[in-house]
Amino acid sequence: MPELPEVETTRRGISPHIIGKKITGITLRNASLRWPIPNDLNEKIQNKTAKSVERRGKSLLLAVANGHVIIHLGMSGSLRIMQNADAPQKHDHLDIHFGKNLALRYNDPRRFGAVLWTDEPLVEHRLLHHLGPEPLTENFNADYLFTRSRKHTQPIKSWIMDSKIVVGVGNIYANESLFNANIHPLKSPQEISLKQYQTLVSEIKRVLSHAIERGGTTLRDFVGGDGKPGYFAQELNVYGRGGLPCLKCNKVLTEKRVAQRSTVYCVECQR
DNA sequence: CAGCGCCCCTGCCCGC
DNA sequence: TGCGGGCAGGGGCGCT
């Protein structure tokens, strides 16, 4: 489920419940995610206090005194706060317990996600060290994109979804941002002007921040335990609308697979 | 090296 | 109603 807005919504949802609380142990039901959940996770974090939950790209970083638990939700992962020890459902692979009446529960049907431990500085971790800027910071701007884009020939859509360039732009919001900025998803990055990058950057920021605001409405779901993501309900201009009329010009929207991802755009509006 | 395709996995929807 | 095929919001990795 998660694009960046949902990961951020999850972070905000779980943080206030667990920060300052002591981890009393874990229940590991299935370690086989994208990489195995380390079998020494319990000894690393037991009796440690959760200091903070930060986000880098789509990874959540649970800090304790001696290191970090890195949590990635993949395509289908979710985290919930459990107020009591409810029976685990299918795909509830891990609980991190904070005493008897509070747990953080990780569920992931497709198991593309990950739960890892690291005691090295986060910037040096192999999953984090290569990452580009956060899209909602000032480091992510038109000059940066324009400069880096010279000589790049792959489709702009794949390029902005590359976490080395910028983190957190997933398939839905890549489609939406390019439509809003009137940029054809197959155009190559080197052909795009500084002015177009200014529009693209502001659309990426706008669409992601808007979704985070809307994500607030799903917050109580994560806490209450009925975790149904809410942002699909929001209005999307192109994603999932292939074959339907463009909301700007009424021409039928094209749907095509680009780098194995469904891509929807308007040949009239996006050039 | 940039760029592309493969693949990890389960669930769901669609057509036959 | 069952079954096969295709697709799903991510992203690392191994080729060329």
Side-chain angles (χ1 to χ4, degrees), chain A residues 1-10 29-37 55-60 70-79 89-94 106-116 118 125-132 135 147-179 185-191 204 207-208 210-212 214-215 218 221-222 227-243 255-264:
Chain A
M1 340 227 147
E3 290 225 18
L4 183 145
E6 180 147 348
V7 178
E8 178 61 21
T9 300
T10 298
R29 300 184 192 84
N30 183 358
S32 95
L33 302 182
R34 165 157 230 177
W35 299 282
I37 297 177
R55 179 186 57 74
R56 180 74 176 99
K58 293 172 191 161
S59 292
L60 290 169
I70 301 175
I71 302 173
H72 199 291
L73 302 178
M75 286 275 246
S76 56
S78 61
L79 283 170
Q89 308 289 304
K90 204 173 183 184
H91 309 305
D92 281 343
H93 306 312
L94 175 72
Y106 179 89
N107 179 287
D108 186 2
R110 291 175 74 180
R111 293 188 277 118
F112 286 1
V115 178
L116 299 171
T118 184
H125 192 271
R126 66 185 179 90
L127 293 184
L128 304 174
H129 77 94
H130 65 280
L131 294 180
T147 305
R148 287 211 64 171
S149 65
R150 302 304 93 181
K151 295 195 279 189
H152 280 270
T153 58
Q154 79 197 100
I156 182 65
K157 176 170 179 264
S158 311
W159 194 65
I160 59 167
M161 288 178 68
D162 182 345
S163 61
K164 293 194 292 298
I165 305 305
V166 57
V167 297
V169 181
N171 196 39
I172 292 178
Y173 294 115
N175 279 300
E176 294 297 308
S177 307
L178 289 166
F179 173 77
L186 297 179
K187 195 163 176 173
S188 70
Q190 63 180 0
E191 297 175 321
I204 289 172
V207 108
L208 290 177
H210 179 66
I212 291 171
R214 298 289 298 274
T218 68
D221 296 332
F222 288 103
K228 194 76 183 170
Y231 65 69
F232 254 139
Q234 86 186 19
E235 284 172 33
L236 296 169
N237 288 323
V238 284
Y239 184 83
R241 297 196 65 248
E255 177 153 13
K256 189 176 276 193
R257 295 188 74 72
V258 175
Q260 289 81 238
R261 301 267 156 174
S262 120
T263 303
V264 187

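Numbered from 1 within each chain, the chains take letters A, B, ... in sequence-line order. Every heavy atom of this structure was used, including side-chain atoms; hydrogens, water molecules and symmetry mates were not.
- Listed pair A/Arg126 / C/dC13 meets the phosphate criterion, a side-chain N or O lying under 4.0 Å from OP1 or OP2.
- The listed nucleotides are C/dG9, C/dG12, B/dC8; the one nearest the side chain of A/Met75 is C/dG9.
- Between A/Lys90 and B/dG11 there is a side-chain N or O to OP1 or OP2 distance below 4.0 Å.
- The distance from atom CG of A/Asp108 to atom C1' of C/dG9 is 12 Å, rounded to the nearest whole Å.
- When each of A/Ile70, A/Leu73, A/Val167 is paired with A/Ser59, the side-chain contact (heavy atoms from CB on, under 4.5 Å) condition holds for A/Ile70 and for no other.
- Here C/dG11 presents its P atom at 15 Å from CG of A/Leu33, a figure rounded to the nearest Å.
- In summary, the side chains of A/Lys90 and A/Asn107 do not present any donor paired with an acceptor at a separation below 3.5 Å, with no hydrogens or angles considered.
- On the P atoms, C/dG9 is 22 Å away from B/dG3, given to the nearest whole Å.
- A/Leu128 has its CG atom 11 Å from the P atom of C/dG11, to the nearest Å.
- In this entry the distance linking CZ of A/Arg111 with P of C/dG9 reads 20 Å, nearest Å.
- Where A/Arg110 and A/Thr153 each meet DNA chain B at their nearest nucleotide, the meeting point lying more 5' is that of A/Thr153.
- Among the atoms of the strands shown, only primed sugar atoms or phosphate atoms (P, OP1, OP2) are found under 4.0 Å from some heavy atom of A/Pro155.
- Regarding contacts with the backbone of B/dG3, a side-chain N or O of A/His152 is found under 4.0 angstrom from either OP1 or OP2.
- With sequence neighbours excluded, no residue satisfies ring pair (Phe, Tyr, Trp, His ring centres under 6.0 Å) with A/His125.
- Between A/Arg34 and A/Lys151, the residue anchored nearer the 5' end of DNA chain B, judged by the nucleotide with its closest heavy atom, is A/Lys151.
- Of all nucleotides listed (C/dG11, C/dG9, C/dG12), C/dG9 comes nearest to the side chain of A/Glu3.
- When the side-chain nitrogen and oxygen atoms of A/Ser158 are compared with OP1 and OP2 of B/dC4, none of them lie within a distance under 4.0 Å.
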Reading 5' to 3' and counting Watson-Crick or G-U wobble pairs with both distances under 3.5 Å, write the dot-bracket notation for DNA chain B, | for bases paired outside the strand. .|||||||.|||||||

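- B/dC6 and C/dG6 have their P atoms separated by 14 Å, with the value rounded to a whole Å.
- A donor and an acceptor atom, one from each side chain of A/Ser262 and A/Glu255, are located under 3.5 Å apart.
- Note: CG (A/Asp162) to P (B/dA2) measures 10 Å, nearest angstrom.
- Within 4.0 Å (heavy atoms only), A/Trp159 reaches no atom of the nucleic acid at all.
- Taking only side-chain atoms of A/Gln260, from C-beta outward, the nucleotide of B/dC9, B/dG5, C/dG9 with the closest atom is B/dG5.
- Nucleotide B/dC4 holds its P atom 14 Å from the NZ atom of A/Lys256, rounded to whole Å.
- Under a 3.5 Å cut-off, the side chain of A/Arg150 and the backbone N or O of A/Pro189 do form a donor-acceptor pair.
- Within the 3.5 Å criterion, the main-chain N or O of A/Ile172 finds a donor-acceptor partner in the side chain of A/Glu3.
- A straight line from CD1 of A/Ile165 to C1' of C/dG11 spans 15 Å, rounded to a whole angstrom.
- Atom CG in A/Asn171 sits about 8 Å away from atom P in C/dA8, given to the nearest Å.
- Considering only heavy atoms from C-beta on, A/Asn175 stays 4.5 Å or farther from A/Asn237 through its side chain.
- Taking only side-chain nitrogens and oxygens, A/Tyr239 comes nearer than 4.0 Å to OP1 or OP2 of C/dG9.
- Taking both residues in full, the closest heavy atoms of A/Tyr173 and A/Val169 are given as C-CG1, 4.3 Å, listed atom of the first, atom of the second, then distance.
- B/dG5 and C/dC7: their P atoms are spaced 15 Å apart (whole Å).
- Residues satisfying the side chain to side chain donor-acceptor pair (under 3.5 Å) criterion with A/Arg55, sequence neighbours excluded, are A/Glu8, A/Glu134.
- In this structure, A/His91 does not reach the B/dC9 phosphate: none of its side-chain N or O atoms is under 4.0 Å from OP1 or OP2.
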